[in-house]
Protein chains: 2
Amino acid sequence: MKSSSLPGFRDFYPEEFRLRQHILSGWREVARRYGFIEYDGPPLEPLELYTAKSGDEIVEQLYSFTDKGGRAVALRPEMTPTLARMVGGRAQSLPKPIKWFSVPQLFRYERPQRGRLREHFQLNMDIVGETDVAAEAELVAAAVDVLRHFGLDETDFVARVSDRRLVSLLLREAGVEDDRLREAISALDRSERQGDDWLVDRLTALGLGERAIERVLGIRERSLAELAREYGGSDEISDAIGRLQDFFRLMDAQGLADYVAFDLRLVRGLAYYTGLVFELWERSGRLRAICGGGRYDGLLAALGGPDLPALGFGLGDVVLGELLKEKGLVPEASERVDDFVIFVTAEQRPAAIRLARQLRERGRSAAFDYRGRTVGRQFRAADQVGASRAIVIGPEEERDGTVSLRDMETGAEGHVPLTDLLTEAAPPDAHPEPPPQEA
Amino acid sequence: MKSSSLPGFRDFYPEEFRLRQHILSGWREVARRYGFIEYDGPPLEPLELYTAKSGDEIVEQLYSFTDKGGRAVALRPEMTPTLARMVGGRAQSLPKPIKWFSVPQLFRYERPQRGRLREHFQLNMDIVGETDVAAEAELVAAAVDVLRHFGLDETDFVARVSDRRLVSLLLREAGVEDDRLREAISALDRSERQGDDWLVDRLTALGLGERAIERVLGIRERSLAELAREYGGSDEISDAIGRLQDFFRLMDAQGLADYVAFDLRLVRGLAYYTGLVFELWERSGRLRAICGGGRYDGLLAALGGPDLPALGFGLGDVVLGELLKEKGLVPEASERVDDFVIFVTAEQRPAAIRLARQLRERGRSAAFDYRGRTVGRQFRAADQVGASRAIVIGPEEERDGTVSLRDMETGAEGHVPLTDLLTEAAPPDAHPEPPPQEA
């Protein structure tokens, strides 16, 4: 073959497509149960949609280029700017809160590395126009339920929950100057990988004294109750702690207490979060984040959209797919074809094709051998496509208006009138729209 | 808003997404019934995948550019080259015939015109590794059934069927020199728009005499039987006619005779077809082609793939969507939410959230008001999201373990034990994977 696919892009052969479909329809199913509705935008957007807020730095990671009309464009790296534009276009007429989800394919121009992809699919669930903490509880519960839907449970993963506002307030209380706050948060974010010594160095460099550094390190270990006792004197901090306590009570009311853990070591790198942030993490030693999100009240306005409070998360297909494979949670290939119609001589081919069609009209999937090889080879073909039943039409069957049947799994055989076979299959009216991808 | 979407690209708001979803899941459903399995490739491909065969001319219509690694790349304009590469990668191990389908978003750099899009979704169904004419009958029947699935019938559209090989043989028989064959076919293709006078001029320019031109014009009007009588002396022509007659017999056997029409005026512009070609056309005066395809036996090898016979068609979402709208065949918005849980005072909020979760675990879609406004406003919110049932929990209900119900359509009200409500909803095990997008 002259040409292969571009580095970092996946070909989805039927087997890989099946896993992708399993993941994407699971996402859609959970989002539907939560009353979210699906939208989508273009995979190609004006570059300025992404640089307007984040500046030109982000261009490095973008799959961006100049099109034939001289326009700077980019393959979408994330969905939030598109969401901001679309909500902005109809902000007045949409009832609040807006509960939308999307399943875009996203693109990044990553350095090519072993196994590093330049595209992935991502579930995005967002709530726009709601400040109440019940929205946070809803969103984290939805993310947890997405993983539970695939068979993962509290022994497999945990939602680490933190709060960007609370972290800022505590750092300030510990002695970090306002103009150093962002750097301190970023240091805290990176300390999980870099270690405590590294963090102490960074905080020292930011001008913190020994006692302030002690307090910062300590913050990360405290429970909400301990923080309330230690820092409860500040109204703002009390308020932030109270809100988080409400959040945990709502998770508890849903029976999800074992799925969430308060953990101020988590801050999430992105600058635009304004309140609760969370990530779903695998519990094994490998420590991969599966999903992340939080409240980003100022972002839509900053992107040029409406000034509405908002929160959301993104959950990708790649880490999830690896996890499901490791845990043996990828379902077996289901039968590809319900009925394989076999014709004994060329004379029965029209009858076989007609029968296949009648079965299809009744919602069953049906196939037959186009060229009419020997009956033995037709049975082999039935086997190859994973047919669950073979239906044989020979000269006698055609004359008598009957068919012979073989259950391809058990080998059990039978002989029935054609009319019975068609009556047993759901009639067209009773089966107007069977579920896609399911037999 | 600072930025709008690029010209020719669609934002899919929930309402538009619903139509897209209706179309795409209909495609998938029909393909499934025919025993085709889904695959996908990357939306971005090396440019050479498209220029290797078609030459540089095609670049004009491509959404192509140079990426940061200096690679010439393009957003995919069609699926067949990707199919050739993927089948080529596993040609040995895949049982034949290969019956694959895909639903890619495709891109063209069209001149921006009113309503002219630069992207669309397209159903691609292909059969690789089969020469028998039953494969043609299967593919045309599948295309017809796709439209029938959406409620269109033989009064709305027809499959015009022609044969590239037969047309070539007849033209040669009429006196067209071999080296003028391609131009003559192209003239025939364009004559439908340009008219007969134009065609006569073109054929004259190609060196045909008056009598030869008569014959060419006549060919377009003949039935298969007439052609057999007139040109049956040639073995090759007899063979091509016989194959087409077999095709029509197989369509007839399936009860689809009214959906197909032999029509040699159709030739399809693309050069790579080698046998039967067909297009689905709206029957109204507007004459829009809805779908097109045919046999392209040499193409996979020419694209650098395996030397396997193949046939397929493409069917886009844009013309089909317009047609469904015109014919009133777009289904009403279905209920977005099954149950809206209303809590009377803030004390019942945890109970309401817990109930919503239990309903969701039973496969129902459920929502509630995050901030707990007045009961009246919560009912209004239930109405806004199109809930089919409101479930009210007040202090008495919470104490007694009951709920109040209101059917949001009929207004009928009731009062039942909570346990009954949850038993009626399908238990988790009985409802492991309800169909996506459907209540």
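Quick note: numbers below take in every heavy atom, side chains included, and nothing from hydrogens, waters or symmetry partners. We name chains A, B, ... by the order of the sequence lines, and we start the count at 1 in each one.
- Note that A/Arg76 lies outside the cation-pi zone of A/Phe107, set by a 6.0 Å cut-off to the ring centre and a 45° limit from the axis.
- Put simply, of A/Ala366, A/Ala351, A/Ala137, the one with the most heavy-atom pairs under 4.5 Å next to chain B is A/Ala366.
- B/Arg90 forms a cation-pi arrangement with A/Tyr13, by the criterion of a distance under 6.0 Å to the ring centre and an angle within 45° of the ring axis.
- A/Phe340 does not touch chain B: none of its heavy atoms, backbone or side chain, sits under 4.5 Å away.
- No hydrogens or angles considered: a donor-acceptor pair under 3.5 Å links the side chains of A/Gln61 and A/Arg108.
- Of the atoms belonging to A/Ser102, not a single heavy atom falls under 4.5 Å from chain B.
- Proximity to chain B is limited to the side chain of A/Leu75, based on heavy atoms less than 4.5 angstrom apart.
- Looking at A/Glu138, the atoms closer than 4.5 Å to chain B (heavy atoms on both sides) all sit in the side chain, from C-beta outward.
- The most heavy-atom pairs under 4.5 Å with chain B, out of A/Arg10, A/Lys68, A/Arg148, come from A/Lys68.
- Within the 4.5 Å cutoff, the side chain of A/Pro331 has heavy atoms near those of the A/His22 side chain.
- Heavy-atom pairs under 4.5 Å with chain A were tallied for B/Gly255, B/Gly41, B/Ala141, B/Pro43; the largest tally goes to B/Pro43.
- With a threshold of 4.5 angstrom between heavy atoms, A/Glu15 does not approach chain B through any atom at all.
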- Item | Residue pair A/Glu38, A/Arg28: steps toward the salt bridge (Lys or Arg N to Asp or Glu O under 4.0 Å) verdict | CA-CA 8 Å; A/Glu38 190 162 358; A/Arg28 291 191 157 108; 2.7 Å; yes

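- With contacts defined as side-chain heavy-atom distances shorter than 4.5 Å, the pair B/Tyr63/A/Leu44 qualifies.
- For chain A, the option among B/Pro350, B/Gly35, B/Pro42 with the highest count of heavy-atom pairs below 4.5 Å is B/Pro42.
- For A/Arg20, the part lying near chain B is the side chain, with the backbone staying farther off; criterion is any non-hydrogen pair under 4.5 Å.
- Note: B/Tyr34 leads B/Tyr34, B/Phe36, B/Phe368 in heavy-atom pairs under 4.5 Å with chain A.
- When every heavy atom of A/Glu130 is checked against every heavy atom of A/Ala135, the shortest pair comes out as CG-CB, 3.7 Å.
- Residues A/Arg118 and A/Pro7 come closest through the heavy atom pair CD-O, 3.5 Å.
- Note: B/Leu6 leads B/Asp252, B/Leu256, B/Leu6 in heavy-atom pairs under 4.5 Å with chain A.
- With B/Asp339 as reference, B/Arg364 is the one residue of B/Arg362, B/Arg364, B/Arg357 to meet the salt bridge (charged side-chain N to carboxylate O under 4.0 Å, His left out) rule.
- Classification of B/Asp369 and B/Arg349 as a salt-bridged pair fails, no side-chain N sitting under 4.0 Å from a carboxylate O.
- Per-residue counts of heavy-atom pairs under 4.5 Å with chain B were compared for A/Glu119, A/Gln105, A/Arg249; the largest is that of A/Gln105.
- Residue with the most contacts toward chain A among B/Thr131, B/Val30, B/Val133, B/Leu359: B/Thr131 (heavy-atom pairs, distance under 4.5 Å).
- Both the backbone and the side chain of A/Arg371 come within less than 4.5 Å of a heavy atom in chain B.
- For a residue to count as touching a neighbouring chain, one of its non-hydrogen atoms must lie under 4.5 Å from one of that chain's; by this rule B/Gln254 touches chain A with backbone and side chain alike.
- Distance check: B/Leu49 CG to B/Arg85 CZ gives 6.0 Å after rounding to the nearest 0.5 Å.
- Neither the backbone nor the side chain of A/Gln358 comes within less than 4.5 Å of any heavy atom of chain B.
- A 6.0 Å sphere centred on CZ of A/Arg373 holds more than 12 heavy atoms belonging to other residues, nucleotides or ligands.
- The contact between A/Val73 and chain B is made entirely by side chain atoms (from C-beta outward), counting heavy-atom distances below 4.5 Å.
- When heavy atoms are compared at a cutoff of 4.5 Å, A/Asp145 approaches chain B solely by way of its side chain, counted from C-beta outward.
- When heavy atoms are compared at a cutoff of 4.5 Å, A/Ile127 approaches chain B solely by way of its side chain, counted from C-beta outward.
- Listed options B/Glu16, B/Lys99, B/Lys96 were ranked by heavy-atom pairs under 4.5 angstrom with chain A; first place goes to B/Lys99.
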